[in-house]
Each structure stands twice: as C-alpha cells, then as structure tokens.
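First up is the structure itself, then whatever we jot down about it.
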Amino acid sequence: MSSPSTPVDDDPLARERAHLARSRAALRAMREDAESLDISDVTANWVNAQILERQIGERIKALADLSHTPLFFGRLDYLHAPGSEQAEGGEGERFYIGRRHVHDHDGDPMVIDWRAPVSQPFYRASKKTPMDIALRRRFGYTGGDLTAYEDEHLSDPAEAAGTSKLLQQEIERPRVGPMRDIVATIQPEQDEIVRSGLGGTVCVQGGPGTGKTAVGLHRVAYLLYAHRDRLARTGTLVIGPNRSFLHYIEQVLPALGELAVEQATVDDLVSRTAEVRGTDEAAAAVIKGDARMAEVLRRAVYAHVSMPAEPVVVVRGSRRWRVPAYELEEIVRELLDRDIRYGAAREALPQRIAHAVLVQMERSGEAPDDRVQDAVARNSAVKAAVKAIWPPVDPAKLVLRLLTDADFLAVHADEVLTEDEQKTILWAKNVRSVKSARWAPADAVLIDEANDLIQRTHSLGHVVLDEAQDLSPMQYRAVGRRCTTGSATVLGDLAQGTTPWATRSWDEALAHLGKTDGVIEELTAGFRVPTDVITYASRLLPHIAPGLTPVASVRENPGFFDVRAASGAADVVAACEELLRREGSTGLIAADARVPALAGALAEAGIGYLAPGEETTAETRLTLVPASLAKGLEYDYVVLDEPQAVVDGEPDERTGLRRLYVALTRAVSGLIVTHAAPLPGQLG
C-alpha cells in the first residue's frame, strides 16, 4: 500500500518492477521468519509440538515464492478515505492485488490477497459501477517478469470503456501442463459465485470453457480465507470424475496457498466399504443407482428388528427384576418411531431396558445411580435380549444377500422395484462370502448407503462436486452424506452427461444431494473454447440438451478449425504433427476402441505421447486421450479422430452424441476433425 501522490520515476513500468522486487523480498522475509520459529519453549507436550510443527510446515509451504507465477497481477487506486460511505479504501491509497497477502517488516501490506474485501472491485468494478475506484491497473508478465501494464480510469467519464488486451491475452495464453488458477481473469459473474457464503449450496451449470471448474476451486480458496477456523475443524473435499482429472487440477489450490484440501473420486469415497473388482451391465447399474434402492436398503436393514416375545429378567444379588414383553415392545417402537440410525438405536436399547429396571428399583425404595444403570445395561440377560431384538447388521453382507437371494430381495423391494428390475440386479451366480464377491462400483455405493443407515457418515464443512452431471441418484446421496452439516458447490453441464444414469435436471440432483435449498447459477460466456469450435459443437445441443443456452465465446481469436477427410491413421498422425509445430499442448482424442491402433501409428512415426493427466514437457506435448477420459481436460490444440466412432462407442446414440460434444470442446486454440466414415448427421 502506498500513496499515488508520492513522487515516482518517470518510467511507471520501472516503478512497478521495483515494487515487485520489494514484495518478493518481503515474502522471502516472511518465509524466513516462519522457518526460524523455535517451538521448544511454547509447547506443553510432544503432541502439541507435533501439531504446531505441522502447522508451521504448512505455513512455510504456503509462503513459497513461485518464480514463474506473478506475485501480484493488478492494482487498485481508491478515491476516498477509510470509513467513508463510498468505499472500503483510503483517500489516495493504492492496493496491489495478488495470490496471497505479503507485508513488510513493519506489517504494512505490500500485496493484498485477492480474496480480501478490498480486492473485490478489481473483479466487479466497471465504468457503470466504479465502486469508488479511480484506477484499475492490470499487469502483463512473461514468465515471472513484469513486462506490461494497462490502465482503466473507471471514474473518468471521458474515458471510453473497452476490452482489456492483457485480460484477453491471459485468457488465450497457451495451456501447457496442469490446470492453472484464474485469479487474474475472474469475471464479475464468476466472482459473484466465488464469494457466495459458506452456508449455502451453489449449483453451477456451465457449458465448455465457461470456467465452472475454476470457479468451484476458487470458491474453496475463498471460503478457506473467509472461514478458515471453521473449515480447519470440519474439512473440505474436492470430488472429481476420475484420477486423471484430479491430477490435472491438483496444482490450482496449492498455487493459491491452500494445501489442506483433500481430493477424491466418488469411487474413492465408497471403496472403503468394499473392494471393487467387477462391472455391471448398463441396465443393472441404472437400477442400482436409482434412488428407490435407498428404500429397499432401509427396509432390509430395519427388517432385522423383531418385537420381543419374552420378558427380560435381570438378577442382581437376591433380587430379580422383570421387564415384561409389552414394555419392551413399547421401548422398541419408540426407538423405531424416532427414526434414528440403526446402530445408534441398538446402542440405546440396553440403556432403555436398564432404565426400566431402575424405575422398578426406585419404586421398591432403592436409590440406584448411573453406575447401577450401566451395570444393568451390561447384564447378560439384557445383552441377550438386545441381540435377539436388535441384532447387529453388516452392510456388505446385507447388500450381498439382496443381490443373491431372490426371495429376500422380493420381500424388501415389493412395490418399489418391478419383478423385471429385481431380476436385472440379481447376480447370476451365488457368492460364498463378502471377500470373494466381485463388487461393481454401484454395489459399493449401495454398501455405503447401508452403512450410513447403521452409523452416521462423517460430515465435512464444504464439498466441491465437479462433473456432477454423470452421477446417479445414489451417488448423489453418497456425496450428500459427506456434507449433511456443511454446504456444497456442484459443478456440471447437462449437455456433457455421458452415463446411462446422467442427471436430467439440477433441481432433481440437488434433491438427491439433500440440498433442496441450493441456488442454481448458469455460466454462458465461454472463455476457453474458440468461437468457430464452440459454434460447430453447439450443433449437437438441440439433440442432447435442447433446453440449454449455447455457450457464446468471448474470445477475440476465432481459433483454428478444420474438418478434413482422412484415408487412414497416417493422415491422423500428420494432423498431430501439424499441430505440434504450434506453441502449446496437443491432444489426440479418439474412441476408446481406436486408441491402440493410433498408439501404434504414433510409435511407428517416432512421436512420443502421454496418457491423460500426465504433465506435458518440452519434448512431449502430445497426449493420446480415450474419449471416455476426455471430460474436464483441455489442450491448446486437438485432433479429434472419427466422430462417428466416438458416437458408436456408447450404448445409445444420445449418450454417444454427448460424448462427442465433450470431445469437440476440449480445444483452447484450435481443432482438426479427421474422418474416413461419414460424420454424424447431427453435425449438419
């Protein structure tokens, strides 16, 4: 923070570079201060020492100066003094906006965190609503060197509003390596979602290139800034569709100084209850993923409860205390009516029986205390009654029985699933044990549901769910269990749903998630996909998601786009070689079945390639991507091989066209479509 009235060099760029150098020096000093901390005199025991040492280690990591990442990317000059009604800024005060807070030796800020309230006008202010900003300056960098700046005098009516060239260049900068943060380019509609409160759930519908994934990750970073203590206790989690996707996004939050956010897939969440080694036919997976399965499981779990037929007789010394069967039944029905989890009710039952005994003791003139009640609850007669009335249930064994015992399934799925649906999910072969079962991913979700019926799943403070359109209702429920006492950010695009159980509407998805009060936002401005590419891909929208608004690219560069006939793999390889002569990364996307042949052709041509999620290098900038793994990834240039083969690789045409829509929209700067077979008719 400094004063604009201070004399400056004649060269503004040199002055800004000097501030950058001083800021980097201040950041190094902050890191050195953290490294020099001595915890030996402030910790009472080794446990506290370990906790404090870990916290200091995380602080040191968060203060790392990434040499090729700009320490600040903007500047705000406010008009009015602190505390005035017009703005949260001081008269003549200047704030540099960056990825993290940096202060000098005296504690005065050199760089303001982009999440701070005083930084908000950098993203929201405009000529129409200047938010008390006299000047907004954007900086351009080459590597880590500050090389340019661009000014907007927001409060000057004589200056016309225009498009920021630096902003446009940053948006269109080549994508090499993992996904990067967008703190320098967040748009007003994105910023509004990023800064929405912790208490509410937000669902973001966004077409390709609208930045929905980046918005979700930056919202996590903002919430950790605004509610750090609370989220440090409750935890945060980012859920992605697959490991390749998580690897692609994993550097975004650390670059923003946030190191404590876990990442997982839905399969990761539920695989702790069962080892997944099998697969389902699509028809079976659809039924297992249907929300009706929750009712089948609930019935099956609570069917283990039986009403007592005999009294419980507790012997203590020379006295015998008898709890009649009708009183036991009242206790059991009261627990059932409370609708608490099966395991919690089972733990409460012995105490309820013991309390009934204590009432009798008090009536007889005794004065039992809590220790006596606990002793009665542990009595062998009480334990035997609890085991008979409310036996323990193993979630995996329960699901295994439902999938292998037709009669058991029929009883609990009566009027919930049809007979044909029951037959569809029954296993053809009997399985001897849980360990020998070849569980499919949908089975693991059922076991997770059954486990939650028995014991409560731990809830986190906030969960980000990306590519949510591909989840089944039962998978939504599995995610919802992880944030019952917290909130969620749901990200997706209905047009990119490529599973047989893909989400039909976000209202329905939020209901399954348990967040019916969630707010649905739609992003329609495309910052990633070039105009020509998104226009071509949008020809599919009337056939795959007729109610969605097509993405409108805001990029000035229309991009490179070509559709060309190919006589074989050699022409596809030639297209890759053509694009590799350009700057940036290249992805070759093909139907899964065609990947081995294309891999062989690339090897024969001496072209190295990576698998999805692997980081590109100067030597290897080509990634061979099966269409099934393309979702969420992006490349500067893409060669899309045989669109019709991508469509034919899916179980039905609608799903195939959605898969094709995904594949067509992975390019940031250019796309070549190669085909020997005719193109799908929907592309016109």
Side-chain angles (χ1 to χ4, degrees), residues 239 242-243 264-306 340-347 349 383-384 386-414 416-417 419 421-458 471-482 501:
I239 302 174
N242 52 56
R243 281 279 138 206
T265 66
V266 174
D267 288 345
D268 292 334
L269 298 181
V270 302
S271 63
R272 299 163 190 167
T273 57
E275 182 183 359
V276 175
R277 298 183 297 159
T279 57
D280 273 322
E281 294 290 335
V286 169
I287 297 170
K288 290 178 181 179
D290 194 294
R292 292 175 296 164
M293 288 300 300
E295 173 61 18
V296 175
L297 289 166
R298 190 195 66 79
R299 291 181 180 183
V301 167
Y302 284 93
H304 288 77
V305 178
S306 59
I340 60 177
R341 281 172 171 75
Y342 185 93
R346 187 175 187 275
E347 292 175 359
L349 180 57
K383 287 183 176 180
V386 170
K387 185 176 181 180
I389 297 169
W390 213 295
V393 175
D394 181 276
K397 289 181 179 178
L398 176 78
V399 173
L400 182 62
R401 187 178 177 190
L402 281 170
L403 298 177
T404 56
D405 186 336
D407 292 337
F408 186 69
L409 176 62
V411 169
H412 302 299
D414 183 41
V416 178
L417 302 179
E419 291 185 8
E421 288 174 327
Q422 294 174 36
K423 291 177 182 177
T424 300
I425 64 173
L426 279 169
W427 290 0
K429 296 181 180 179
N430 286 329
V431 179
R432 289 179 297 178
S433 67
V434 167
K435 289 186 177 180
S436 63
R438 295 186 62 82
W439 299 110
D443 300 329
V445 178
L446 295 179
I447 296 172
D448 190 72
E449 177 86 24
N451 186 70
D452 186 70
L453 287 166
I454 296 166
Q455 58 184 8
R456 182 181 297 276
T457 303
H458 174 66
L471 268 61
S472 70
M474 291 299 286
Q475 287 176 316
Y476 277 116
R477 290 175 62 89
V479 174
R481 286 192 281 279
R482 271 77 186 178
W501 49 83

Side-chain donor/acceptor of [X] to backbone N/O of [Y], under 3.5 Å:
| X | Y | answer |
| --- | --- | --- |
| S436 | V431 | no |
| D443 | A440 | yes |
| R346 | V386 | no |

From [atom1] ([X]) to [atom2] ([Y]), nearest 0.5 Å:
| X | Y | atom1 | atom2 | value |
| --- | --- | --- | --- | --- |
| R341 | L453 | CZ | CG | 7.5 Å |
| K288 | L402 | NZ | CG | 11.0 Å |
| F408 | L400 | CZ | CG | 10.5 Å |
| R292 | I287 | CZ | CD1 | 7.5 Å |
| D407 | H412 | CG | NE2 | 10.5 Å |

Any side-chain heavy-atom pair of [X] and [Y] under 4.5 Å:
| X | Y | answer |
| --- | --- | --- |
| E449 | R481 | yes |
| V445 | Y476 | no |
| V276 | D267 | no |
| W439 | V434 | yes |
| L409 | V296 | yes |
| M293 | L417 | yes |

Got a sec: does the CZ of R432 have more than 12 other heavy atoms crowding it under 6.0 Å?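 Open.
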R456 atom CZ, over 12 foreign heavy atoms within 6.0 Å: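 No.
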For a quick test of reading the model, state the closest non-hydrogen atom pair linking A478 to V270 and the distance between them.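 Of all heavy-atom pairs spanning A478 and V270, the closest is CB-CG1, 4.1 Å.
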Using every non-hydrogen atom in the two residues, find where I425 and A284 come nearest and quote the distance to one decimal.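 Shortest heavy-atom separation between I425 and A284 comes out as CG2-O, 4.0 Å.
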Check: residues 389-396 side-chain donor-acceptor pairs under 3.5 Å, at least two apart:
residue	atom	partner	partner atom	Å
W390	NE1	Y342	O	3.3
D394	OD1	A396	N	3.1
D394	OD1	K397	N	2.9

If we check salt bridge (charged side-chain N to carboxylate O under 4.0 Å, His left out) with D448, which of these qualifies: R477, R272, R482?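 Testing each of R477, R272, R482 against D448, the sole residue satisfying salt bridge (charged side-chain N to carboxylate O under 4.0 Å, His left out) is R482.
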Is it the case that the side chains of T265 and D268 hold a donor-acceptor pair, with the cut-off being a distance below 3.5 Å and no angle test?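 Note: D268 and T265 side chains meet the donor-acceptor criterion.
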Show, in sequence, the C-alpha distance, side-chain angles and deciding distance for V416 and R299, and conclude whether the side chain to side chain contact (heavy atoms under 4.5 Å, CB included) test is met. CA-CA 11 Å; V416 178; R299 291 181 180 183; 3.5 Å; yes
